[in-house]
Amino acid sequence: MLTINPEKVCHIVVKARALDAKEEVSDPSPGSNPSDDRMVDVLEDFPDDPTRQKLFEFVRNLDTDEQIELVALCWLGRATYTLDEWEEALSEAGAAHNERTAEYLLQLPLLADYLEEGLAAFGESCEKFESRNL
């Protein structure tokens with residue numbers, strides 16, 4: 001049974017998708033006026049990107065059980081485990097849990113896809129969440 005609030009997962013999905021849209025940094029030291037540069041820097045993936053920082057903090061502020069379930073949900077979404085193996089996935093995620101859960105999740109290139117697939121296995125979707133938060 002899924003106990004983490006699906007809206008929390010969907011919040012992470014939306015923020016992770018925003019990060020997925022970012023491009024490699026082409027100008028590592030932008031010093032000019034952003035409007036003169038047509039705001040292209042906003043599409044570049046700087047290490048101190050506010051979206052990344054907010055997502056990092058959001059995951060870090062989840063309680064331990066939520067972090068464990070989030071990792072297990074990713075594993076379910078990437079087909080490391082099946083829904084029938086959910087308890088095993090939770091157990092493994094619990095055994096692997098440490099203070100670097102946010103770092104682990106944010107380095108996954110398909111984080112949003114994995115979470116959405118994991119939610120779908122439980123019959124949940126981010127569709128309503130995304131339409132409310134546009």
Going from [atom1] on [X] to [atom2] on [Y], what distance comes out if it is rounded to the nearest 0.5 angstrom?
| X | Y | atom1 | atom2 | value |
| --- | --- | --- | --- | --- |
| Gln53 | Lys15 | CD | NZ | 13.0 Å |
| Leu119 | Glu127 | CG | CD | 12.5 Å |
| Arg60 | Thr101 | CZ | OG1 | 8.5 Å |
| Gln67 | His97 | CD | NE2 | 4.0 Å |
| Ser91 | Tyr81 | OG | OH | 8.0 Å |
| Arg100 | Leu106 | CZ | CG | 11.5 Å |

Exercise for the section: Under the ring-ring contact (aromatic ring centres under 6.0 Å, His included) rule, what do Tyr114 and Trp75 come out as? Steps first, then yes or no, please. Expected result: CA-CA 7 Å; Tyr114 293 155; Trp75 292 346; over 10 Å; no
Note, [X] side chain near [Y] side chain (heavy atom, < 4.5 Å):
| X | Y | value |
| --- | --- | --- |
| Lys8 | Asn5 | yes |
| Arg17 | Glu116 | yes |
| Val9 | Glu124 | no |
| Leu2 | Ile4 | yes |

Handout entry: Residue among Leu105, Leu73, Leu55 satisfying side-chain contact (heavy atoms from CB on, under 4.5 Å) with Ile12
Key =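 Going through Leu105, Leu73, Leu55 one by one, the side-chain contact (heavy atoms from CB on, under 4.5 Å) with Ile12 is satisfied by Leu55 alone.
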[X] (side chain) donor-acceptor with [Y] (main chain) under 3.5 angstrom:
| X | Y | result |
| --- | --- | --- |
| Glu69 | Leu90 | no |
| Glu57 | Lys54 | no |
| Glu85 | Thr82 | yes |
| Gln107 | Tyr104 | yes |

Handout entry: Parallel, tilted or perpendicular, as decided by the 30° and 60° cut-offs, for the rings of His11 and Phe58
Key =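 Because their plane-to-plane angle lies in the 30° to 60° range, the rings of Phe58 and His11 count as tilted.
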Practice task
Search all heavy atoms of Leu83 against all heavy atoms of Ala121 and return the closest pair with its distance.
Solution key: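 The answer is CD2-O, 3.2 Å.
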Exercise for the section: List the atom of Leu76, the atom of Gly118, and the distance in Å for their closest heavy-atom pair. Expected result: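 Residues Leu76 and Gly118, closest heavy atoms: CD2-O, 3.8 Å.
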